[in-house]
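Indexing begins at 1, ligand by ligand and atom by atom, following the structure's order.
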Amino acid sequence: MAYSEKVMDHFANPRNVGEIEDADAVGEVGNPKCGDIMKMYLKIDNNIITDVKFKTFGCGAAIATSSMATELVKGKTIEEALKVTNKAVMEALDGLPPVKVHCSVLAEEAIKAAISDYYQKNGINPEPIVGKVGSCCHEDAPCPCSMDK
Ligand code: FES
């Protein structure tokens with residue numbers, strides 16, 4: 001399966017690349033198998049994600065999925081952003097080849113890691129709300145630990 005035009009577009013012209021110096025929350029996740037790392041910065045005002053930037057050291061699909069994930073959470077409330085799944089990111093990109101599904105999981109996890117950081121900074125235990133973050137395995141994605149890049 002070839003990459004969709006949207007994946008190619010977000011890979012070649014990723015949106016919201018960079019970092020936010022005075023970010024309200026920062027999340028970083030890594031994939032232990034491929035070594036790719038995604039870092040997500042959020043600016044949150046009144047429960048709304050007013051700005052978001054990312055840095056991804058990783059494969060093309062990881063860059064495209066993080067770019068799309070930032071577009072999907074921008075302007076949303078924290079609760080809405082938590083509902084942005086890797087599936088939603090993939091659908092917005094018109095799909096990914098099966099071996100690249102796990103890259104979209106990294107994008108979902110990066111959002112969750114940043115929101116967890118936000119809760120923690122505000123004295124709230126994120127785990128009951130956000131769940132465990134940072135697992136490379138996911139129900140609808142093959143575990144990258146057991147597959148090659
Ligand atoms: Fe590592 Fe895509 S996230 S290969």
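Using a distance-only test at 3.5 Å, with no hydrogens or angles considered, a donor-acceptor pair links the side chain of D36 to the main chain of C59.
Of all atoms in ligand 1, numbered sequentially from 1 with element shown, those under 4.0 Å from a heavy atom of K100 are 2 (Fe), 4 (S). Per-residue contacts place H102 under 4.0 angstrom from the following atoms of ligand 1 (heavy atoms of the residue considered): 1 (Fe), 2 (Fe), 4 (S). Those atoms of ligand 1 that come under 4.0 Å of a heavy atom in A62, given as number and element, are 3 (S). For ligand 1 and C34, the ligand atoms under 4.0 Å from any heavy atom of the residue are 1 (Fe), 3 (S), 4 (S).
Remark: of the listed residues V7, L106, L96, T56, L96 is the sole one forming a side-chain contact (heavy atoms from CB on, under 4.5 Å) with T65.
For atom 2 (Fe) of ligand 1, the N/O/S atoms of C103 include one lying under 2.8 Å. Atom 1 (Fe) of ligand 1 does not have C59 among its coordinating residues (no N/O/S atom, backbone or side chain, under 2.8 Å).
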Without placing hydrogens or testing angles, list every side-chain donor-acceptor pair under 3.5 Å for residues 16-27, not counting sequence neighbours.
{"unit_1": "N16", "atom_1": "OD1", "unit_2": "K74", "atom_2": "NZ", "d": "3.0"}
{"unit_1": "N16", "atom_1": "ND2", "unit_2": "T70", "atom_2": "OG1", "d": "2.9"}
{"unit_1": "N16", "atom_1": "ND2", "unit_2": "E71", "atom_2": "OE2", "d": "3.1"}
{"unit_1": "E19", "atom_1": "OE2", "unit_2": "K55", "atom_2": "NZ", "d": "2.4"}
{"unit_1": "D22", "atom_1": "OD2", "unit_2": "K43", "atom_2": "NZ", "d": "3.4"}
{"unit_1": "D24", "atom_1": "OD2", "unit_2": "I44", "atom_2": "N", "d": "2.7"}

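Residue K33 does not touch ligand 1, judged by heavy-atom distances below 4.0 Å.
With no hydrogens or angles considered, no side-chain donor-acceptor pair links N86 and E109 at under 3.5 Å.
Residue A92 comes nearest to M68 through the heavy atom pair O-CE, 3.3 Å, listed as atom of the first residue, atom of the second, then distance. Closest of all the heavy-atom pairs between C103 and M38 is O-CE, 4.1 Å.
Here the N, O or S atom of D36 that is nearest to atom 1 (Fe) of ligand 1 is OD2.
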